[in-house]
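In what follows, a single structure is set out as structure tokens and then discussed.
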Amino acid sequence: MAAAALTSQLNALVNNMFAMGLLDDQFQQLQMLQDSTAPDFVSEVVTLFCDDGERIICELSRQLEKPNVDFDRVDSYVHQLKGSSASVGAQKVKNTCIQFREFCQQRSRDGCLKTLDLVRTEFYDLRNKFQAMLQLEQQIQACYPKH
Amino acid sequence: MDATAFPYGLRVLVVDDDPTWLKILEKMLRKCSYEVTTCGLARVALDILRERKNKFDIVISDVNMPDMDGFKLLEHIGLEMDLPVIMMSIDGETSRVMKGVQHGACDYLLKPVRMKELRNIWQHVYRKKMHEVKEIEGNDSCDDLQILRNSFEGLDEKSLFMRSDSDTMRKRKDVDKDHADQESSDGNTVKKARVVWSVDLHQKFVNAVNQIGFDKVGPKKILDLMNVPGLTRENVASHLQKYRLYLSRLQKQNEERILGAARQDFSHKGTSENLNLRSSFQEQPSNIANGYPHASQNIQTQANMLDSQLEDTKSTVPLPVPDKKRTLASDAADSQNVTSASSLGGVLSFKSMPVNQDRKPSETMILECQAWTGGIPSKQFMQYPKHNHERCDLLGDYSCLPKPDLEHPVGPSNLYAPPPLISMSCGMEGDARDFSDVKPAIMDCIKSLSPALTCTVDSVSVQLSDSVVTSIDGDLKSSGVDGLPSIKDCCLDQTNSQGSLRPSQEPSIIGSTELASLPEDLPSYPLHGVSLENIGLSSIDLLNYSDAMILSGLQSNWYDDLEFSSEMMDYPSIDECLFASS
């Protein structure tokens with residue numbers, strides 16, 4: 001019964017993430033890719049995304065702190081973040097990245113800094129939800145030790 | 001195998017700096033039953049592709065990567081390997097896609113990439129293969145060229161190849177067919193037919209390059225300017241890369257030539273007792289007039305060569321070899337020998353070149369030896385026999401080839417054969433000399449050398465001897481028509497002795513590290529003490545080199561077997577014949 005409760009909790013969480021526009025159908029693609037040969041596929045990919053995203057955001061802050069911002073460089077990091085978020089279907093982060101790149105092209109440091117804050121918030125929000133999701137999945141798996 | 005089985009096991013290399021995407025793509029491709037290799041860095045990808053040539057069918061690469069632009073990678077792959085490349089990016093701007101297409105991408109996928117798109121990527125491999133088959137069918141003269149290439153592409157082809165007598169075109173074609181069948185079914189070997197870079201075509205190419213300006217050239221521009229139907233961007237790109245390589249080699253070559261000359265000088269003055277190849281050759285010419293100590297010289301040559309190759313390890317002991325005089329009725333040999341020393345410097349200078357890494361080294365060799373042609377008009381200088389690349393491959397990939405077929409008509413001249421390689425290269429060096437004069441003798445040399453080197457390298461394919469033989473056949477014909485008495489004599493001599501000498505020739509080929517096991521009629525080959533193990537790449541280099549030389553004969557031979565002689569006669573320079581294909 002505990003497992004069922006956890007599962008419905010997980011479903012609710014994921015549905016909510018979709019509803020809020022955090023995720024798009026790429027995430028469903030990931031779920032479809034998960035199979036018996038790769039039972040932890042989604043969690044592995046999500047973990048990769050979280051680590052990589054965090055790295056890129058740190059790099060972005062560092063780049064934008066510099067007295068002479070190399071906007072091309074910033075742009076390429078934002079591009080990376082955009083690609084990375086697209087991989088897991090992190091729709092909101094991805095869309096913010098698109099805005100971010102516009103500011104890069106405008107060479108607007110303020111715009112970039114503002115968008116960086118926004119993307120950071122969104123990213124960590126998403127990451128928290130992902131972590132909650134992975135935790136629930138682990139708990140569910142723990143209910144079926146042989147599954 | 002049927003067509004439905006084909007896409008499975010397609011070997012895909014995925015290049016993306018984003019670890020998340022790598023993971024996802026890998027999973028997706030595996031779900032499509034493809035064989036996946038992933039790589040996070042473009043440069044590493046390039047290394048992988050170079051090291052494991054012919055181990056991939058298709059490449060999927062991200063456009064934006066920190067270490068190397070995806071387009072750059074695409075260009076490299078297009079130039080160096082003949083692989084379809086799919087680009088992918090999160091950006092779908094038309095200009096980016098266009099750039100990808102211009103750089104030769106066969107497809108441009110937008111991220112997020114979906115399974116259904118990946119499921120279909122085999123079509124690019126298949127399409128390439130189809131074009132290839134078409135080209136082969138449409139161009140008969142390519143058959144034999146193609147078969148050579150094909151034969152190097154898989155271990156299982158080795159046996160096929162051994163069976164193919166080089167002198168019988170029919171058999172070659174059979175093998176070709178075998179291979180073609182196999183190829184179209186397994187989808188592993190994706191090579192498209194090469195364009196034959198004739199003199200005219202190359203001239204067009206050079207004109208285009210000159211018109212555009214060497215610094216600004218790109219395959220696309222050249223292609224447009226050349227305006228040759230059927231020629232693809234890839235063809236041009238590949239040719240352009242070699243052309244560049246060739247030019248840069250040419251430059252280096254000049255330096256090496258000076259170096260070689262210096263060495264020669266040194267050895268000439270130095271003590272001849274050290275069995276230095278150069279000096280030993282300097283001493284020989286006196287013998288040439290009547291009989292020629294080929295056997296001994298042959299051995300000496302080898303021993304010395306080995307020695308020189310192994311200077312570092314000191315593991316080779318060049319043994320004094322009793323002279324076994326044999327007559328070679330070739331005037332050409334004389335003149336060659338006189339000059340042989342100088343060229344050796346050049347030959348040995350190849351020592352430092354790595355082989356097998358990719359196609360470049362062998363290319364280099366070819367280019368170098370062309371450059372030796374000294375006084376020949378420079379604009380027609382260029383040739384790239386592609387087989388050599390493949391051959392290079394072969395040497396690397398297959399360490400133990402089957403023994404040569406006894407049936408194949410490696411001539412007796414093997415035993416007669418003179419200071420192989422060396423005289424050949426010197427033949428090249430004499431500016432004014434008509435190459436066709438020298439050629440038969442060169443063939444002899446090569447012929448004799450290839451088996452010998454087979455011993456030393458132990459992975460040298462019989463193909464080499466095969467091709468040598470082919471070229472000799474071609475030569476026999478040509479010399480007959482040429483009516484050059486000296487050549488004729490030489491050839492006749494070979495033919496006459498063919499029967500009697502064959503038995504002894506085989507052991508010398510197979511005697512890999514055991515030259516001691518030579519039969520009794522070769523008492524003059526006491527190579528027992530010579531350690532042949534570590535004869536490394538340099539020997540192969542030499543071999544390749546010699547191979548490159550004979551390709552002239554080979555190719556012409558393939559193209560028009562019977563009319564070969566007419567071409568030979570007005571050999572203005574070796575280039576033209578070397579030129580035959582690329």
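Reminder, nothing fancy here: chain letters follow the sequence lines and each chain counts from 1.
- Atoms OG1 and CD, from B/T38 and B/E26 in turn, are 5.0 Å apart once rounded to the nearest 0.5 Å.
- The stretch residues 87-111 of chain B places B/S89, B/I90, B/D91 near chain A, each with some heavy atom under 4.5 Å from a heavy atom of that chain.
- Residues of residues 21-57 of chain A that come closer than 4.5 Å to chain B, counting heavy atoms only, are A/D25, A/Q26, A/Q29, A/L30, A/M32, A/L33, A/D35, A/T37, A/A38, A/F41, A/E44, A/V45, A/L48, A/F49, A/D52, ordered by residue number.
- Your options are B/M28, B/M65, B/R114, and the one with the most heavy-atom pairs under 4.5 Å with chain A is B/R114.
- One finds the CG atom of B/L13 at 10.5 Å from the CD1 atom of B/I58 (value rounded to the nearest 0.5 Å).
- Here the side chains of A/Q139 and A/L10 are not in contact, with every heavy-atom distance at 4.5 Å or above.
- Considering only heavy atoms from C-beta on, B/H76 comes within 4.5 Å of B/R50 through its side chain.
- Interatomic distance, A/L60 CG to A/C104 SG, rounded to the nearest 0.5 Å: 7.5 Å.
- Atoms CD1 and NZ, from B/I212 and B/K221 in turn, are 6.5 Å apart once rounded to the nearest 0.5 Å.
- For B/Y34 against B/L118, the heavy-atom pair with the smallest separation is CE1-O, 3.3 Å.
- Residues of residues 108-136 of chain A lying under 4.5 angstrom from chain B, judged on non-hydrogen atoms, do not exist here.
- For the pair B/W21/B/D62, no side-chain contact is recorded, criterion being any heavy-atom separation below 4.5 Å from C-beta on.
- When heavy atoms are compared at a cutoff of 4.5 Å, B/D17 approaches chain A solely by way of its side chain, counted from C-beta outward.
- Within residues 62-92 of chain A, the residues having any heavy atom under 4.5 Å from a heavy atom of chain B are, by residue number, A/H79, A/Q80, A/K82, A/G83, A/S84, A/A86, A/S87, A/V88.
- Enclosure of atom NZ in B/K72 is not indicated, since only 12 or fewer non-hydrogen atoms of other residues, nucleotides or ligands lie within 6.0 angstrom.
- Between the CG atom in B/L225 and the CG atom in B/N210 there is a gap of 11.0 Å [rounded to 0.5 Å].
- Separation of atoms CZ (B/R127) and CH2 (B/W122) is listed at 9.0 Å; rounding is to 0.5 Å.
- When every heavy atom of A/A3 is checked against every heavy atom of A/I140, the shortest pair comes out as O-CG1, 4.3 Å.
- Using a 4.5 Å heavy-atom threshold, the side chains of B/L29 and B/I60 count as touching.
- Counting all heavy atoms, side chain and backbone alike, B/L73 lies closest to B/A42 at CD1-O, 3.6 Å.
- With no hydrogens or angles considered, no side-chain donor-acceptor pair links A/N11 and A/S8 at under 3.5 Å.
- Of all heavy-atom pairs between B/V125 and B/P84, the closest is CG2-CG, 4.1 Å.
- No side-chain heavy atom of B/V59 sits under 4.5 Å from any side-chain heavy atom of B/M81.
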